[in-house]
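Below is one structure, written out as structure tokens; comments come after it.
Because only heavy atoms are used, hydrogens play no part in the values below, and waters and symmetry mates are left out as well, while side chains stay in.
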There are 2 protein chains.
Amino acid sequence: MPSKTKQRSSILAALKNIDQPVTPSELLNYASINSPGLGIATVYRYLKRLVASSQVRKIEAVGVPPHYEIIHKKDHRHFFVCYVCEKLSAIKRCYNDFKDLLIDGYKIKSCEVIIYGECRECST
Amino acid sequence: MPSKTKQRSSILAALKNIDQPVTPSELLNYASINSPGLGIATVYRYLKRLVASSQVRKIEAVGVPPHYEIIHKKDHRHFFVCYVCEKLSAIKRCYNDFKDLLIDGYKIKSCEVIIYGECRECST
DNA sequence: TTGGATGCAAACGCTTTGCATAATT
DNA sequence: AATTATGCAAAGCGTTTGCATCCAA
């Protein structure tokens with residue numbers, strides 16, 4: 001079953017199943033269930049393609065490693081980083097556009113909002 | 001003049017003079033003018049302290065290396081990344097808070113907005 | 001048979017750390 | 001004298017790349 005050419009579909013399926021930001025190594029672990037022997041290089045190579053083709057979003061936040069997640073529509077999302085448990089999570093989809101932030105002559109392609117604080121579990 | 005213990009003041013002065021997001025190596029170059037022989041390790045070590053003490057903000061955006069900048073008040077800023085020239089810049093200070101994004105039980109400490117697109121120079 | 005996909009290991013670049021030295025108190 | 005700061009070089013770590021192999025068309 002783990003034919004050597006079905007690695008990409010395992011990676012993509014993993015991304016869709018998780019539907020939350022994940023790190024490359026987390027993705028490797030998850031996708032390896034269906035694709036034993038999958039290499040980290042393949043994960044990185046495919047993620048790069050997916051980002052380039054706007055199927056996947058790369059999220060870089062302070063204090064946590066880069067995360068990746070499936071893009072559903074032309075949405076953007078807000079992310080939350082807890083500085084106690086150091087976890088990154090998507091907090092909601094948001095269809096607001098940020099035209100009020102527009103500056104003359106600048107063309108907005110996408111927008112990323114990252115909120116840092118303390119999550120519910122760590123607040124109590 | 002370049003006594004071995006005035007390195008930190010050179011680094012801090014450079015950050016204040018620039019007053020724009022810079023990479024560690026850019027900061028090294030700039031601070032080295034007043035502190036020849038300054039090492040990159042000292043820059044990283046001091047930046048870490050400054051971030052920990054909330055004097056400096058670290059900005060991580062997709063496609064560009066991490067940048068650092070002086071924090072002026074309890075402001076937050078919006079950043080713009082041009083995907084053509086691949087430069088990151090601060091576009092304005094913003095004193096809005098993001099209470100509308102608040103979720104029950106979450107405590108917001110800070111918020112970062114990064115806009116990706118095409119800058120004025122690259123649009124023309 | 002030709003081109004793309006993959007795993008492995010080496011290479012890479014940024015960041016951190018160990019250690020000896022030097023400055024500060 | 002003890003503590004802290006520094007430069008250098010080595011180590012770390014995540015990511016990329018070269019290359020031989022494997023698979024698909």
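Of the candidate nucleotides C/dT6, C/dT17, D/dA5, C/dT17 has the atom lying nearest to any side-chain atom of B/A41. Closest to the side chain of B/K48, from the set C/dA5, C/dT16, D/dG7, is C/dT16. Listed nucleotides: C/dA5, C/dG7, D/dT6. Nearest to the side chain of A/T42: C/dG7.
Whole-Å rounding puts the A/E60 CD to C/dC14 C1' distance at 13 Å. Going from atom CG of B/L28 over to atom C1' of C/dT16 covers 16 Å, rounded to whole Å. Counting to the nearest Å, the C1' atom of C/dT24 and the NZ atom of B/K6 are 11 Å from each other. The OH atom of B/Y46 sits 18 Å away from the C1' atom of D/dG7 (whole-angstrom rounding). To the nearest angstrom, P of C/dT6 lies 15 Å from CG of A/N34. Rounded to an integer number of Å, the gap from CD of B/E26 to P of C/dG13 is 17 Å. Here D/dC22 presents its P atom at 15 Å from CD of A/Q7, a figure rounded to the nearest Å. What separates CD1 of B/I40 from C1' of D/dG7 is a distance of 12 Å, to the nearest Å.
Counting only distance, with no hydrogens or angles, the side chain of B/Y68 and the backbone of B/L27 share no donor-acceptor pair below 3.5 Å. Of the possible donor and acceptor atoms, none in the side chain of B/Y30 sits under 3.5 Å from a partner among the backbone N and O of B/V22. Side chain of B/S35 to backbone of B/S32: no donor-acceptor contact under 3.5 angstrom is found.
Both A/V51 and A/I70 belong to a single network of hydrophobic side chains, linked directly or stepwise wherever heavy atoms of I, L, V, M, F, W or Y lie under 4.5 Å apart. Linking ILVMFWY side-chain heavy atoms closer than 4.5 Å, directly or via other members, places B/V81 and A/I59 in two distinct hydrophobic clusters.
Using a 4.0 Å heavy-atom cutoff across all strands shown, B/L38 reaches sugar-phosphate atoms only and no base atom. Residue A/P65 is classed as having no contact, given no heavy-atom separation below 4.0 Å to the nucleic acid.
Residue A/R8 places none of its side-chain N or O atoms closer than 4.0 Å to OP1 or OP2 of C/dG4.
Within 3.5 Å, no donor on the side chain of A/R45 pairs with an acceptor on the base of C/dG4, nor the reverse.
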